[in-house]
Amino acid sequence: MMRAWILPMLLVLSGSVVATGQIFNGNTGTAAALLLAFLALAGVNSPLIFPRPMGAQEAQRRSAVDGRPVVFWRPGCKYCIRLRIRLGRSARQLHWVNIWRDPAAAAAVRAANGGNETVPTVVVAGQPHTNPDPQWVREQLPHST
């Protein structure tokens with residue numbers, strides 16, 4: 001889990017250094033804009049945005065047991081971020097799989113999307129759904145959770 005924080009921390013540190021350089025050059029507006037951009041990138045890549053990522057096999061195994069959907073996603077995908085934000089706390093009930101960390105996951109997404117790595121791809125009861133409406137995904141959650 002500690003490795004998941006390396007990129008966000010590097011982005012915050014880099015943004016701080018770049019912004020400080022801009023401040024010393026008298027460009028406070030540019031410094032603020034750059035710092036906000038780096039902070040946004042750090043947030044998007046933060047493990048806080050996408051809960052408990054796991055491998056495709058583990059996610060599919062757990063989904064078969066508990067009936068929860070599997071979400072295949074990748075960092076920086078604005079549609080994945082939209083899904084995560086619109087799901088709110090419900091997102092923690094899903095099984096999240098980062099396709100950039102799991103070649104089997106990327107292959108499963110390509111198989112479901114005609115060879116494209118289109119995400120988010122949500123698998124419910126073995127059926128893939130590409131970029132579904134967040135409300136529909138919420139409705140697919142088991143009611144006992």
Restricting to non-hydrogen atoms, name the atom on [X] and the atom on [Y] that form the minimum distance, rounded to 0.1 Å.
{"X": "C77", "Y": "C80", "value": "SG-SG, 3.0 Å"}
{"X": "Q93", "Y": "L141", "value": "OE1-CD1, 3.7 Å"}
{"X": "A59", "Y": "V97", "value": "CB-CG2, 3.4 Å"}
{"X": "V109", "Y": "T118", "value": "CG1-O, 3.3 Å"}
{"X": "P128", "Y": "T121", "value": "CB-CG2, 4.0 Å"}
{"X": "G15", "Y": "F38", "value": "CA-CG, 3.3 Å"}

Gap separating the CG atom of L34 from the OG1 atom of T20, nearest 0.5 angstrom: 11.0 Å
Heavy atoms from other residues, nucleotides or ligands near CD of E139 exceed 12 (cutoff 6.0 Å): yes
side-chain contact (heavy atoms from CB on, under 4.5 Å) between N113 and V119, intermediate numbers included: CA-CA 9 Å; N113 293 296; V119 289; over 6 Å; no
Verdict with supporting geometry, N98 and W96, side-chain contact (heavy atoms from CB on, under 4.5 Å): CA-CA 7 Å; N98 180 344; W96 293 83; over 6 Å; no
[X] side chain near [Y] side chain, heavy-atom distance below 4.5 Å:
{"X": "P120", "Y": "N131", "result": "yes"}
{"X": "E58", "Y": "R62", "result": "yes"}
{"X": "V122", "Y": "L94", "result": "no"}

Heavy-atom donor-acceptor pair, [X] side chain to [Y] backbone, under 3.5 Å:
{"X": "D102", "Y": "G55", "answer": "no"}
{"X": "D133", "Y": "Q135", "answer": "yes"}
{"X": "R82", "Y": "P134", "answer": "no"}
{"X": "Q140", "Y": "W136", "answer": "yes"}
{"X": "S63", "Y": "R68", "answer": "yes"}

Check against side-chain contact (heavy atoms from CB on, under 4.5 Å), W73 and I99: CA-CA 6 Å; W73 69 282; I99 67 167; over 6 Å; no
By salt bridge (charged side-chain N to carboxylate O under 4.0 Å, His left out) - contacts of R110 (at least two apart): E117
Verdict with reasoning, D66 to H95, per side-chain contact (heavy atoms from CB on, under 4.5 Å): CA-CA 10 Å; D66 62 21; H95 301 295; 3.0 Å; yes
V17-L11 co-clustered via ILVMFWY side chain contacts under 4.5 Å: no
Hydrophobic cluster identity match, V70 and W100, side-chain contacts under 4.5 Å: yes
